[in-house]
Amino acid sequence: MTTTTIAAPRSPRRLRGRTNTELYAWLFMRVSGVFLIVLVFGHLFVNLMVGEGINALDFAFVAGKWADPLWQVWDLLMLWLAMIHGTNGLRTVINDYAERDQVRMWLKMLLYVAAAFTIILGTLVIFTFDPCPAEAAAELLPSFCPGA
Amino acid sequence: MPKAPAGTIYRGREGMWSWVAHRVTGIGIFFFLLVHIVDTALVRVSPESYNEVIATYKTTIVGLMEVLLVAAIVFHAFNGLRIILVDFWSKGPRYQRQMLAGVGILWLVLMVPFLVRHLSHVFGG
Ligand code: HEM
């Protein structure tokens with residue numbers, strides 16, 4: 001005779017090997033969302049509304065912004081929060097629509113590789129940025145560079 | 001995994017459609033962001049290559065795509081706030097419809113000045 005083991009009623013979920021990862025992911029979407037409103041709206045306002053808007057954007061504009069530690073921290077936070085928020089959002093979307101196990105697994109792998117690549121790339125750019133590269137034409141540089 | 005019959009509509013109405021719009025805008029913003037991080041990384045290559053890629057952002061076609069992008073972000077942001085209020089505010093679920101109307105109003109209040117300003121940059125040079 002085969003016996004089926006049935007968990008005792010009301011036994012705590014943890015005993016069945018469950019974790020709270022999904023709860024933390026759910027919470028992160030909401031907390032990061034609140035921060036992103038400030039970060040993204042501030043970014044759009046300064047880059048598209050102030051002064052000449054889109055027409056003012058060039059290397060010197062970016063260099064001028066990143067000369068200020070405030071904008072370095074701003075952009076770094078925005079990069080990490082938006083990428084993790086978006087990646088977690090896309091994870092949900094993939095889980096919803098990709099029904100075959102293999103397809104779902106590979107789509108998520110692709111997503112995580114793309115996310116890690118862009119986060120690392122963006123972080124390196126912010127930290128290693130040189131506003132006055134020696135070999136560049138002086139008229140393309142921000143006004144605080146020696147030759148400009 | 002159980003399979004839903006194709007072409008079903010979950011209850012319809014504003015609750016479902018705001019969810020669809022939130023999902024579509026979130027996916028769209030994500031893929032723009034991937035491209036945007038890579039194009040910004042060109043500041044690390046040379047001022048010339050960055051200025052070259054950013055010049056495409058100033059063309060009329062891309063300028064109009066930026067309107068779509070900002071419209072998507074503003075909707076996603078305010079509707080995201082609505083989702084948060086539905087989840088955490090005790091009266092949130094009861095007022096979700098009114099809050100969606102609020103999302104629409106705030107969206108208009110931000111989009112009108114943005115459109116005036118951005119389109120004058122795109123078309124005014
Ligand atoms: C600007 C402020 C933002 C706020 C307030 C916000 C808020 C939210 C919230 C509350 C969710 C709900 C997730 C759930 O239902 O559990 C969500 C989902 C999502 N967000 Fe955002 N978000 C913002 C910006 C962004 C950005 C910049 C991106 C792209 C990089 C993004 C991409 C997504 C995606 C892909 C989803 C998943 C949609 C789904 O599951 O249907 N969001 N957002």
Side-chain angles (χ1 to χ4, degrees), chain A residues 26 29-34 36-37 40-41 44-45 48-63 66 75 78-79 82-83 85-87 89-90 92-93 96 99-101 104 111 114-115 117-119 121-122 124-126 128-131 133 135-137 139-142, chain B residues 1-4 22-38 40-52 54-55 57-59 62-63 66-67 69-70 73-74 76-81 83-85 87-88 110 113-114 116-122 124-125:
Chain A
W26 177 91
M29 291 308 274
R30 280 138 187 85
V31 174
S32 60
V34 172
L36 282 170
I37 291 197
V40 172
F41 281 22
L44 291 176
F45 186 77
L48 295 181
M49 296 285 281
V50 173
E52 290 298 301
I54 186 86
N55 294 330
L57 303 189
D58 59 9
F59 180 87
F61 179 90
V62 178
W66 283 348
D75 286 354
M78 190 165 62
L79 168 73
M83 279 306 297
H85 178 106
T87 302
L90 248 82
T92 306
V93 174
D96 278 355
E99 294 185 8
R100 288 174 49 205
D101 289 351
R104 194 168 60 247
L111 173 70
F117 173 79
T118 37
I119 292 176
L121 175 70
L124 285 177
V125 167
I126 294 175
T128 67
F129 179 66
D130 176 4
E135 67 281 12
E139 70 273 14
L140 301 181
L141 299 181
Chain B
M1 203 187 279
K3 200 166 159 47
H22 196 82
R23 177 159 279 194
V24 170
T25 51
I27 298 169
I29 300 163
F30 178 79
F31 283 105
F32 165 75
L33 181 58
L34 284 187
V35 175
H36 187 46
I37 292 169
V38 174
T40 305
L42 289 179
V43 294
R44 204 61 194 80
V45 176
S46 74
E48 287 84 358
S49 44
Y50 181 75
N51 288 353
E52 213 170 293
I54 213 69
Y57 277 68
K58 301 174 189 177
T59 59
V62 181
E66 283 146 17
V67 171
L69 175 72
V70 172
I73 292 173
V74 173
H76 187 97
F78 287 143
N79 191 59
L81 215 51
I83 296 173
I84 295 170
L85 287 171
D87 288 342
F88 289 107
L110 261 68
F114 170 72
V116 171
R117 191 117 183 92
H118 186 66
L119 291 182
S120 70
H121 289 142
V122 171

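The sequence lines fix the lettering, A, B, ..., with proteins before strands; numbering per chain opens at 1.
- For B/F88 and A/W26, the gap between ring centers is short of 6.0 Å.
- Looking only at heavy-atom pairs under 4.5 Å with chain A, the residue among B/V74, B/I37, B/I54, B/I29 that has the most is B/I37.
- Looking at B/F30 and B/L34, their side chains come closer than 4.5 Å, going by heavy atoms from C-beta outward.
- With a 4.5 Å cut-off on side-chain heavy atoms, B/Y57 and A/L57 do not count as touching.
- When each of B/H76, B/H118, B/K58 is scored by its heavy-atom pairs under 4.5 Å with chain A, the top score falls to B/K58.
- Here the two rings, on B/F78 and A/F41, have centers that are under 6.0 Å apart.
- At a threshold of 4.5 Å between non-hydrogen side-chain atoms, the residues A/M29 and A/T92 do not count as touching.
- Between chain B and the residues A/D130, A/T128, A/L124, the largest count of heavy-atom pairs under 4.5 Å involves A/T128.
- For a residue to count as touching a neighbouring chain, one of its non-hydrogen atoms must lie under 4.5 Å from one of that chain's; by this rule A/A137 touches chain B with backbone and side chain alike.
- Ranked by heavy-atom pairs shorter than 4.5 Å toward chain B, the options A/L121, A/L36, A/I119 are led by A/L121.
- Looking at B/F114, both its backbone and its side chain come within 4.5 Å of chain A, counting heavy atoms on both sides.
- Looking at A/L79, only its side chain comes within 4.5 Å of chain B, counting heavy atoms on both sides.
- Between chain B and the options A/I54, A/V125, A/T118, A/L140, the largest number of non-hydrogen pairs under 4.5 Å is found for A/I54.
- Each of A/A63, A/G86, A/G33 has some count of heavy-atom pairs under 4.5 Å with chain B, and the biggest count is that of A/G86.
- Between atom CD1 of residue A/I126 and atom CZ of residue B/R44 there is a gap of 12.5 Å, rounded to the nearest 0.5 Å.
- Only the side chain of B/L81 has a heavy atom closer than 4.5 Å to any heavy atom of chain A.
- Heavy atoms closer than 4.5 Å to chain B are found in the side chain of A/V62, but not in its backbone.
- Taking chain A as the reference chain and counting heavy-atom pairs below 4.5 Å, the highest number among B/T40, B/V70, B/D87, B/I73 is found for B/D87.
- Put simply, the side chain of B/N51 never gets that close to the backbone of A/D58: no donor and acceptor are under 3.5 Å apart.
- Contacts between A/V31 and chain B at a heavy-atom distance below 4.5 Å are absent for every atom of the residue.
- A 6.0 Å sphere centred on CD of B/E48 holds more than 12 heavy atoms belonging to other residues, nucleotides or ligands.
- Residues A/P133 and B/S46 are not in side-chain contact: their nearest non-hydrogen atoms beyond the backbone lie 4.5 Å or more apart.
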